[in-house]
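In what follows, a structure is listed as structure tokens, so that the remarks can point back to it.
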Amino acid sequence: MEQNAKLSLFPFFHLKRSMLSLLFSLPTSFFAFLLLLLLSYNAFTVFSLHLPKSPLLRSPPTLFNLSSSANSPLFNNSHLPLLPNTTQSLSLSIQRAKRVKKHKRGLRSVRSEPRSPVSLFHSRLKTFFNTSSSSCRVRFFMTWISPLKAFGERELISIESLFKSHPEACLVIVSKSLDSHTGTRILKPFASNGFRVMAIAPDFGFIFKDTHAELWFNRLKEGNVNPGEVSLGQNLSNLLRLALLYKFGGTYIDLDVIVLKSFSKLRNTIGAQNFDVKTGKWSRLNNAVLIFDKKHPLLFKFIEEFALTFDGNKWGHNGPYLISRVVSRVNGKPGFNFTVLPPSAFYPVDWRGIGGLFRDEIPSKWLMNKMEQIRKESFAVHLWNRHSRKLKLVKGSIVDSIISGCCIFCNT
């Protein structure tokens, strides 16, 4: 019986000896490779992290937290959140790639000067301001982040009106397209008549440096800010005007603003766009005309608000609405000294009624009263270019009368 059992196990022992012989005949490198696979599997099972699909992971992270104090550190390192699954990760990667592509297209039109140890923008601006210290005490800034072909008669009339009321002012137009041979030719009549005007391409790195705008702009270039549907140039202009006034002080005006009177008595001033008759208070401010001292705390708050709440899908959110939000929060608080002028100062007619100023119909009582109000109370008139640029300047209209009284070259 025992002998029969041993005979029945003989094939098994034979197979075992054959397998062992086969294994021992394999090269040493095979065993090393096998050992490496086992170690890799062990490491994966130990260090892999399985995340639950929690709603918390789906909420957007706070990418940066900027202090509201001007003396505290502005920027903190940010970290991307762990993604709950590979599908979401792939989707976010595709969206980011699209944003980067859109940014690159948008930033081509507003690309600033090449990076250098010394900012060419700063050196040119300093030279321009120091040419005649007495005359450059009155500083005006404009921005033009559009193609040169779009720069026309209305923009030239705005410049004329500025120098008609401020003949000793210095005007800086921050624009890449105007800082060119053709741009110099366009502005030559002003320089030839002794007016101080300079077009200069923006150096965003220098202008935004050491403000909340710096981190926002860096994130924009990296594709980490969604530009939205609103023109990127328009939103950069909204930020640029704030940073220019914060760094240098002076007056900013849009190129669709006709200046009627000297701003010499105005300081740290904003204009209301709309006025609530019932409450006697403004309901909305605008940023087409801004007059501020250098390093004014309200400008700091404006720039901070832009960086923290930027939304490229809402028209006006980063411009007039931003100004209104911030002023409503700080109004009356100590340390913020500024004046809000009524709509008649800069915006005597809002965008809904601007068409009436271009008509040459028989003057109505409203038009006659409006013209009298503008003559007595207005420092400037905003033409709301977005709503009036297609309107023709008709002889005998209120706008025609305004321009005839404040132009320099119109009668030459």
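Partners of N238 under the side chain to side chain contact (heavy atoms under 4.5 Å, CB included) rule, at least two apart in sequence or in another chain, are Q234, N235, R241, N287, F306, N318. Taking S378 as the reference, L260, P348, I374 meet the side chain to side chain contact (heavy atoms under 4.5 Å, CB included) condition, with sequence neighbours excluded. Taking the ring-ring contact (aromatic ring centres under 6.0 Å, His included) definition, one finds that F292 meets it with H296, sequence neighbours left out. With sequence neighbours excluded, the residues forming a side chain to side chain contact (heavy atoms under 4.5 Å, CB included) with S180 are L148, T182, listed by chain and number. Under the salt bridge (Lys or Arg N to Asp or Glu O under 4.0 Å) criterion, D179 pairs with R124, not counting sequence neighbours. For F302, there are no ring-ring contact (aromatic ring centres under 6.0 Å, His included) partners, not counting sequence neighbours. Residues passing the side chain to side chain contact (heavy atoms under 4.5 Å, CB included) test with E377 are S344, Q373, sequence neighbours excluded. The salt bridge (Lys or Arg N to Asp or Glu O under 4.0 Å) test applied to D293 returns R267, not counting sequence neighbours. F338 is linked by a ring-ring contact (aromatic ring centres under 6.0 Å, His included) to nothing, counting only residues two or more places apart in sequence or in another chain. Legend: residues meeting ring-ring contact (aromatic ring centres under 6.0 Å, His included) with W144, ordered by chain and number and at least two apart, are F151.
Annotation: cation-pi pair R139/F129 present, NZ/CZ under 6.0 Å from the ring centroid and within 45° of its normal.
Residue pairs meeting the salt bridge (Lys or Arg N to Asp or Glu O under 4.0 Å) criterion with at least one member in residues 326-349, sequence neighbours excluded: E305-R329. Note on residues 271-280: pairs passing side chain to side chain donor-acceptor pair (under 3.5 Å), not counting sequence neighbours, are Q273-N286.
H166 and F263 have perpendicular rings, their planes meeting at more than 60° on a 0 to 90° scale where under 30° would count as parallel. The aromatic rings of F300 and H212 sit perpendicular to each other, their planes meeting at more than 60°, with 30° as the lower class boundary.
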